[in-house]
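Every chain is numbered from 1, with letters handed out A, B, ... down the list of sequences.
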Amino acid sequence: MPKHIEPIQSVKGTRDLLPPETELWQRVEEEARRVFQAYGFREIRTPILEATALFARSVGADTDIVTKEMYTFQDRDEESLTLRPEATASVVRAYIEHRLYHEGGLHKLYYLGPMFRRDRPQKGRYRQFYQMGAEVLGSDHPAIDVETIEMLVLLLERLALQEFTLLLNSVGCPRCRPEYLKVLRRALEEVRANLCADCQRRAVTNPLRVLDCKVEADQPIIERLPRMVDYLCMECRQHLEAVKSGLQDSGVAYQDVPRLVRGLDYYTRTTFEITSGALGAQNAILGGGRYDGLSEMLGGPPAPGFGFAIGEDRLALAVKEAWEKQPIEAPRARRPLAYIAWMGDAALGAAAKLARELRRQNLSIEISYQPNKLKRALGTASKIGARFTVIIGEGELASGRYQVKDMGTGQQDEVEADPGKVAAYLHEKTAKREGSNPATGERT
RNA sequence: GUGAGCGUAGCUCAGCUGGUAGAGCUCCAGACUGUGGAUCUGGAUGUCGCGGGUUCGAAUCCCGUCGCUCACCCCA
């Protein structure tokens with residue numbers, strides 16, 4: 001016997017998604033793709049590995065993400081590479097690299113995949129986490145902002161998510177923001193002593209963050225601080241108004257949150273976030289905004305953009321909770337349509353053939369791998385959730401008719417021992433039990 | 001990076017002030033020789049996270065360490 005061998009675990013902040021969970025994720029992704037496509041987005045796949053400089057230049061050299069959260073390493077040839085902490089930079093990089101702007105018009109791209117940030121893990125936050133996001137490149141029209149947000153609300157509704165809130169703000173542009181920051185710093189100077197310890201620090205390092213503070217005692221002070229909206233330039237103000245009235249027209253409820261701040265430097269004008277009550281401290285399910293200068297920052301032509309990223313881990317968490325509270329069936333483990341039970345070696349050939357033919361019709365079939373007793377086979381069939389059990393034993397081989405048992409009702413019929421006939425029988429029986437569940441797509 | 005809580009069977013956990021490890025669920029077998037989910041009966045499984053210390057004796061107390069979780073920070 002070998003000595004005790006220490007098993008290797010998944011690395012901190014990463015995790016395995018196992019079957020019932022992966023089925024939920026598939027449902028979420030399918031719905032997202034459907035909605036994105038309905039709004040004219042097409043998929044882009046960019047590398048997970050990028051040059052480190054890409055993120056330093058886009059996300060911002062002294063943001064938390066870049067200064068302490070990136071997985072960065074030297075490649076063998078000394079080049080510094082980074083596991084992407086977000087994907088907007090990559091999409092814009094690809095947009096520039098492939099000169100997509102030459103095609104003119106709008107580019108609407110969506111993506112989905114893992115991102116990496118070396119944070120301390122907690123509920124809804126992982127070092128490898130997943131985002132589904134989309135970008136609209138090539139227009140600064142407020143209708144883009146409206147339409148994209150509207151799409152997100154539709155997606156959340158499709159997923160039967162309840163209790164989410166859209167938070168909206170404008171962070172201005174390079175023309176008006178510096179002025180506001182000056183005013184904010186000045187105002188903070190005066191009240192700084194009364195703020196919580198964290199905010200006293202933020203007042204210096206990152207004044208916008210003070211606005212986002214959640215400490216109860218600070219709220220009255222924060223309320224009275226100058227607000228970005230009051231310092232927007234004419235263009236930014238008009239843009240914000242247009243977005244708001246557009247949202248109203250499309251029936252999307254939002255909350256003005258003058259203090260909504262986002263952590264990436266490239267945002268301009270519209271910023272938004274959707275939060276869910278179901279999540280704990282990390283309550284932002286998705287966030288995004290406009291980034292009109294990003295293309296230029298990355299060496300491309302002027303190309304205004306708008307985009308968002310959904311935290312898939314968090315969305316899945318919220319969706320799961322929401323479904324538990326509603327009369328919606330969570331997607332079950334995929335259930336086989338039929339279990340084929342055979343008794344006696346002579347029946348194996350017929351059973352294997354039946355399984356093969358049914359599977360060729362994309363029916364989900366399980367078959368026993370040893371000649372069990374019937375009792376045991378039925379036990380297995382009900383355990384794995386098979387809807388039917390096909391019984392093939394000596395009697396069935398002799399008569400040329402299989403027994404097919406409906407595991408729900410217990411009803412049992414004889415069906416001619418021909419794969420086509422069995423398939424037809426199964427189709428007919430399942431067709432009768434219609435009723436499709438909108439949230440799970442599963443027949444009930 | 002900081003703080004707190006928690007690591008006991010495959011899962012959920014009990015085991016109080018130290019006396020040599022238990023329940024429920026699951027799993028397996030039988031009652032019931034070709035008809036499942038119920039019930040009953042029986043059975044299996046543990047480096048008590050790891051290392052050290054105190055003690056006649058440690059799952060229990062102390063120290064260290066690793067891991068997980070939640071929160072801060074920040075964000076999805």
Side-chain angles (χ1 to χ4, degrees), chain A residues 1 3-13 15 59-60 63-70 84-88 112-133 152 196-199 201-202 205-206 208-209 212-215 260-264 267 271 273-276 279-288 307-318 339 341-344 347 371-396 403-412:
Chain A
M1 282 290 278
K3 290 274 294 180
H4 179 73
I5 296 173
E6 210 42 57
I8 294 173
Q9 301 176 268
S10 62
V11 329
K12 186 200 277 288
R15 59 190 179 141
V59 172
T63 56
D64 279 16
I65 293 179
V66 172
T67 55
K68 49 188 200 202
E69 293 174 6
M70 293 204 306
R84 66 182 183 192
E86 62 113 40
T88 299
L112 129 193
M115 310 293 159
F116 303 83
R117 288 182 206 172
R118 203 181 180 290
D119 255 358
R120 189 79 169 257
Q122 75 187 70
K123 185 174 176 135
R125 192 174 69 191
Y126 305 95
R127 290 183 173 182
Q128 174 172 336
F129 61 103
Y130 295 80
Q131 289 189 333
M132 305 186 290
L152 287 166
C196 69
D198 282 334
C199 283
R201 179 175 48 74
R202 291 181 198 135
T205 59
N206 195 345
L208 286 178
R209 282 271 153 237
D212 200 32
C213 175
K214 274 132 197 149
V215 174
L260 177 67
V261 170
R262 318 228 70 247
L264 290 72
Y267 283 116
T271 57
E273 201 171 289
I274 291 182
T275 60
S276 159
L279 288 183
Q282 307 305 320
N283 65 352
I285 271 183
L286 63 90
F308 64 85
I310 304 172
E312 195 173 355
D313 308 77
R314 293 179 188 178
L315 179 59
L317 203 65
Y339 182 75
W342 51 276
M343 269 68 61
N372 289 317
K373 290 188 245 182
L374 211 224
K375 178 183 168 61
R376 182 145 179 70
L378 286 168
T380 304
S382 81
K383 193 170 98 180
I384 64 176
R387 286 193 272 170
F388 298 91
T389 299
V390 181
I391 301 166
I392 308 178
E394 282 173 40
E396 286 75 16
Q403 297 288 331
V404 182
K405 177 164 189 160
D406 183 320
M407 300 304 283
T409 64
Q411 193 199 329
Q412 188 165 313

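- We find that CG of A:Asp119 is positioned 13 Å from P of B:A71, with the value rounded to whole Å.
- Under the salt bridge (charged side-chain N to carboxylate O under 4.0 Å, His left out) criterion, A:Glu312 pairs with no residue at all, not counting sequence neighbours.
- A:Glu69 comes within contact range of the sugar-phosphate backbone alone, with a heavy-atom separation under 4.0 Å but no base atom that close.
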Next item on the list: Return one dot-bracket line describing RNA chain B 5' to 3' (Watson-Crick or G-U wobble pairs, both distances under 3.5 Å; ( ) same strand, [ ] crossing, | another strand, . none).
Entry: (((((((..((((.....[..)))).(((((.......))))).....(((((..]....))))))))))))....
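- Atom P of nucleotide B:A71 and atom CD of A:Gln282 are separated by 7 Å, given to the nearest angstrom.
- Looking at residues two or more places apart in sequence or on another chain, you find a salt bridge (charged side-chain N to carboxylate O under 4.0 Å, His left out) between A:Arg15 and A:Asp313.
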Notebook entry, point to check: Quick one: what's the B/S/- string for nucleotides 26-39 of chain B, heavy-atom cutoff under 4.0 Å, read 5' to 3'?
Noted result: -SSSS-B-BBBB--
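- Every pair passing salt bridge (Lys or Arg N to Asp or Glu O under 4.0 Å) that includes a residue from residues 119-131 of chain A is listed here, sequence neighbours excluded: A:Asp119-A:Arg125.
- Here B:C74 presents its C1' atom at 14 Å from OH of A:Tyr267, a figure rounded to the nearest Å.
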Short N/O separations, protein against nucleotides 65-70 of chain B, under 3.5 angstrom:
| from | atom 1 | to | atom 2 | distance (Å) |
| --- | --- | --- | --- | --- |
| B:C68 | OP2 | A:Lys12 | NZ | 3.2 |
| B:C70 | OP2 | A:Lys123 | N | 2.9 |

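- Counting any heavy atom pair closer than 4.0 Å across all strands shown, A:Leu315 reaches no nucleic acid atom.
- With C1' as the reference atom, B:G7 and B:G64 are 16 Å apart, rounded to whole Å.
- With sequence neighbours excluded, the residues satisfying side chain to side chain contact (heavy atoms under 4.5 Å, CB included) with A:Leu112 are A:Glu29, A:Arg33, A:Met132.
- Projected onto RNA chain B by closest heavy-atom contact, A:Ala309 and A:Lys68 fall at different nucleotides, the more 5' of which corresponds to A:Lys68.
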Please list, for nucleotides 9-11 of chain B, all pairs of protein and nucleotide N/O atoms separated by less than 3.5 Å.
none

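- Not one N or O on the side chain of A:Arg314 forms a donor-acceptor pair closer than 3.5 Å with the backbone of A:Ile285.
- Listed by chain and number, the residues in a ring-ring contact (aromatic ring centres under 6.0 Å, His included) with A:Tyr126 amount to none (sequence neighbours excluded).
- Residues satisfying the side chain to side chain contact (heavy atoms under 4.5 Å, CB included) test with A:Ala341, not counting sequence neighbours, are A:Tyr339, A:Ala377, A:Thr389.
- Partners of A:Gln412 according to the side chain to side chain contact (heavy atoms under 4.5 Å, CB included) rule, which considers only residues two or more places apart in sequence or in another chain, are A:Ile391, A:Gln403, A:Lys405.
- Legend: residues meeting side chain to side chain donor-acceptor pair (under 3.5 Å) with A:Glu86, ordered by chain and number and at least two apart, are A:Tyr266.
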